[in-house]
Protein chains: 2
Amino acid sequence: MNLKELARRLDLSPTTVSRALNGYPEVNEATRERVVAAARRYNYQPNTRAIRLATGRAMAIGHVIPIATRHEIVNPVFADFIAGAGEVYSRSGYDMVLSVVPDEAEEQTYRDLKSRGTVDGVIVHAPRLDDPRLPLLREVGLPFVVHGRSSGSAEPYSWVDVNNRRAFRRATEFLLDLGHRRIALVNGLEFMDFAIRRRAGYTEALAERGIASDPAIMFSDEMTESSGYRAAKAALALPDPPTALLVASIISAMGVRRAIEEAGLKLGRDVSVIIHDDELSYLKNGEEVPIFTATRSSVRLAGRLAAEMLIDMMGHPGGPPRERLLEAELIIGQSTGPLQSNATSHGALPDAPALAAGAAKP
Amino acid sequence: MNLKELARRLDLSPTTVSRALNGYPEVNEATRERVVAAARRYNYQPNTRAIRLATGRAMAIGHVIPIATRHEIVNPVFADFIAGAGEVYSRSGYDMVLSVVPDEAEEQTYRDLKSRGTVDGVIVHAPRLDDPRLPLLREVGLPFVVHGRSSGSAEPYSWVDVNNRRAFRRATEFLLDLGHRRIALVNGLEFMDFAIRRRAGYTEALAERGIASDPAIMFSDEMTESSGYRAAKAALALPDPPTALLVASIISAMGVRRAIEEAGLKLGRDVSVIIHDDELSYLKNGEEVPIFTATRSSVRLAGRLAAEMLIDMMGHPGGPPRERLLEAELIIGQSTGPLQSNATSHGALPDAPALAAGAAKP
DNA sequence: TGAGGTATCCAAAGCGGTTTGAAAACGATT
DNA sequence: AATCGTTTTCAAACCGCTTTGGATACCTCA
């Protein structure tokens with residue numbers, strides 16, 4: 001059943017039927033009802049392909065995921081972000097098109113998406129420092145919203161991000177307040193913008209208390225279980241091991257926990273851990289009571305917000321870039337506790353003579 | 001730059017240009033080269049929307065992910081499967097369209113996908129016992145490939161699946177060979193087809209050795225960290241705790257490990273664990289050496305195979321359904337070991353008098 | 001030389017909608 | 001009754017490509 005056929009049965013022109021269904025005012029209310037009723041009766045669904053050609057709009061939004069040839073990792077927050085954005089698209093009549101491409105083909109993919117008219121706009125994932133995709137998309141003329149930010153970008157752009165810096169600053173302060181002085185950072189890859197901001201929050205908080213950050217306990221890697229394990233294992237093996245760790249992801253934290261337990265230490269007593277929790281639906285940080293103390297911010301919500309922002313921007317072109325900064329909440333779990341003073345392996349720090357900081361290796 | 005304009009500049013008809021670019025034989029080789037060169041020079045990309053309307057093909061494949069209102073979980077294997085399928089689509093010129101819909105809207109979504117012509121075929125995820133989507137898609141006339149199988153389906157259909165039953169049977173046998181007699185099952189939700197098959201493999205292996213399966217140590221839940229934790233905690237608290245656990249997912253296994261360590265037991269010595277490992281890129285089962293002993297099968301590979309199968313089927317309509325069964329390999333990690341005999345909490349089992357089976361609670 | 005092929009190219013008709021510009025119908029106004 | 005402004009409807013052009021059904025030019029062979 002197509003428009004022409006439906007019009008024929010109603011003894012109306014395709015023009016009028018089209019207008020009736022699309023809510024244009026220049027059609028008699030009685031006819032409109034007749035048309036709508038018939039459309040339902042014959043189960044008429046306008047052909048998407050024809051609409052797209054006629055209107056010149058794709059009614060679709062693109063997400064490009066580069067499959068890096070070196071790290072074969074699928075961004076773990078991706079699934080939840082997509083779920084959030086997808087809900088919005090469904091409600092708004094947009095399709096989500098995903099392009100999985102080798103990362104050297106990423107630029108060409110964006111160009112094609114535009115020139116072939118496959119999508120009306122895109123969401124940019126996992127931005128890096130001064131990310132080349134932003135000028136590219138501007139040049140190409142594809143509306144976009146960034147999930148995260150890209151420090152160093154010359155021009156303004158639209159984004160949805162969590163306040164990573166403040167989150168990590170607060171987390172660090174929380175550990176400092178518990179008496180910890182030697183705090184390790186298990187960060188994501190530091191060419192990723194979010195990782196840079198997290199590190200900044202961490203070092204700032206330390207500096208304010210007069211603590212120099214120590215590269216020996218600052219790790220930067222992909223956020224996998226294994227890398228968390230390696231980092232924690234290395235840190236705990238140091239002559240002056242950290243008494244607390246700040247971990248960028250719940251996935252790395254799984255590995256961190258493994259290393260801690262393997263070292264015979266007890267999480268929350270001998271070693272404190274704070275994580276950043278994206279509220280991944282398949283890796284929740286506990287249920288009623290959180291496992292890890294965490295800075296928490298829903299990546300799914302970010303997906304919803306980014307999608308809404310993009311759709312709204314496409315509806316009002318020429319507007320200024322939009323920004324949305326989400327604050328993470330600090331939730332207290334069972335993985336943090338005051339610094340234990342009965343330890344032996346390393347002595348007091350110069351700026352905290354009253355507190356005998358130490359790792360609690362048995 | 002569009003076809004008409006390009007034709008004008010070449011002083012050719014759009015017909016000829018179209019044919020030249022699409023490799024039709026009825027065009028002079030010299031003209032073809034001229035056309036191809038001009039297309040490259042002017043960076044001509046045919047408009048997808050027009051192609052789609054003209055050919056009646058969407059050149060797109062749909063994936064419908066229901067967002068269950070009750071369990072808000074995003075299937076964790078989804079990301080990797082999508083990555084695998086997406087690679088194939090990119091290479092083959094297909095778009096992947098993802099629909100995230102509330103699960104009560106799933107049926108209507110499939111109907112719309114067909115009647116609006118948004119996609120040419122779909123991949124069905126996470127099939128259940130006698131899944132209603134299969135007859136629906138058949139009725140609607142949308143080609144599809146199922147990732148997994150649906151026991152009880154009357155008609156044949158195309159699928160790509162891993163041999164879950166054999167995998168779990170082998171894993172159980174492996175534990176039995178190590179002397180374990182009390183083996184818990186931490187399964188996924190048992191209305192999911194894969195979970196049914198896994199359970200079948202497990203109970204079969206037990207039955208063959210004359211061991212009745214005990215509902216008290218068979219758990220079925222969503223495969224999250226928390227549910228794994230709960231199951232293992234409950235199992236280990238029993239008067240006759242299991243000495244080994246068979247766990248359906250590496251994510252649940254994280255929780256299982258937490259419960260084991262919390263109970264003061266040592267993984268691989270006091271309690272053995274075998275998992276099923278989908279080789280998720282963000283949750284690898286170790287790197288050089290596997291953490292858990294596991295039955296392993298790449299879900300990303302399954303994604304590639306399913307996509308290839310579907311594309312091929314769409315190219316040869318009317319063919320018989322296709323099937324592809326992948327075998328999981330059994331890899332030995334550090335999480336399994338022979339049954340310890342120095343334990344006390346429960347006695348020898350009738351059929352293994354020589355081995356004093358016991359949990360090693362200190 | 002003329003018929004019959006073959007190679008090459010093109011005009012025009014779709015595909016199924018939207019949208020422009022105009023016409024028809026209708027009432028109200030002068 | 002003629003004019004005007006609305007309301008309502010429609011014919012036709014258009015979106016940018018594919019594809020059908022010729023047309024034309026060029027060979028080949030009898």
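Residue numbers start from 1 in every chain, and the chains themselves are labelled A, B, ... in the order their sequence lines are given, proteins ahead of strands.
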Side chain of A:Ser13 - closest among D:dA11, D:dT8, D:dT18: D:dA11

Touch class at under 4.0 angstrom, heavy-atom based, for B:Leu53 against every strand present: base

Candidate pair B:Tyr282 and A:Tyr282, rule ring-ring contact (aromatic ring centres under 6.0 Å, His included), full reasoning: CA-CA 12 Å; B:Tyr282 55 89; A:Tyr282 54 89; 5.7 Å; yes

Rounded distance in Å - CZ (A:Arg52) to C1' (D:dC17): 16 Å

Length of the line joining B:Glu5:CD and D:dC17:P, which is rounded to integer Å: 11 Å

Minimum side-chain heavy-atom gap A:Pro14-A:Val17 below 4.5 Å: no

For atom CD of A:Glu33 and atom C1' of D:dT8, their distance in whole Å: 16 Å

Side chain to side chain contact (heavy atoms under 4.5 Å, CB included) partners of A:Ile65, counting only residues at least two apart: A:Phe78, A:Leu98, A:Val100

Parallel, tilted or perpendicular: rings of B:Tyr89 and B:Tyr94 (30°, 60°): tilted

Distance-only donor-acceptor hits, side chain of residues 305-318 of chain B, under 3.5 Å, sequence neighbours excluded:
from	atom 1	to	atom 2	distance (Å)
B:Asp312	OD2	B:Arg322	NH1	2.4
B:His316	ND1	B:Asp312	O	3.0

Rounded interatomic separation in angstrom, taking CG from A:Asp11 and C1' from D:dT8: 15 Å

Side-chain donor or acceptor of A:Lys114 paired with backbone N/O of A:Gly141 under 3.5 Å: yes

Salt bridge present between B:Arg111 and B:Glu139 (N-O < 4.0 angstrom): yes

For atom CZ of A:Arg34 and atom C1' of D:dT9, their distance in whole Å: 12 Å

Parallel, tilted or perpendicular: ring planes of A:Phe144 versus A:Tyr157, cut at 30 and 60 degrees: parallel

Euclidean distance, atom CZ of residue A:Arg116 to atom C1' of D:dC17 [Å, nearest integer]: 12 Å

Pairing of A:Asp95 and A:Arg52 as salt bridge, 4.0 angstrom limit: yes

Lys/Arg N to Asp/Glu carboxylate O, B:Arg57 vs B:Asp120, below 4.0 Å: no

Outermost nucleotides of DNA chain C that come under 4.0 Å of a non-hydrogen atom of chain B: C:dT8 to C:dG16

Atom pair distance, as rounded to whole Å: CD1 in A:Ile51 and C1' in D:dC14: 16 Å

Ion pair check, A:Asp193 and A:Arg128, cut-off under 4.0 Å: no

Members of residues 89-97 of chain A that approach DNA chain D, where some heavy atom sits under 4.0 Å away: none

Nucleic acid contacts - residues 38-49 of chain A versus DNA chain C, non-hydrogen atoms under 4.0 Å: A:Tyr44, A:Pro46, A:Asn47

Charged N-O contact under 4.0 Å between A:Glu87 and A:Arg300: yes

Contact state string [nucleotides 19-25 of chain D, B base, S sugar-phosphate only, - no protein heavy atom under 4.0 Å]: BBB----

Given A:Trp159, A:Phe81, A:Phe194, the one that forms ring pair (Phe, Tyr, Trp, His ring centres under 6.0 Å) with A:His125: A:Phe81

Whether A:Asp80 side chain and A:Ser281 backbone form a donor-acceptor pair below 3.5 Å: yes

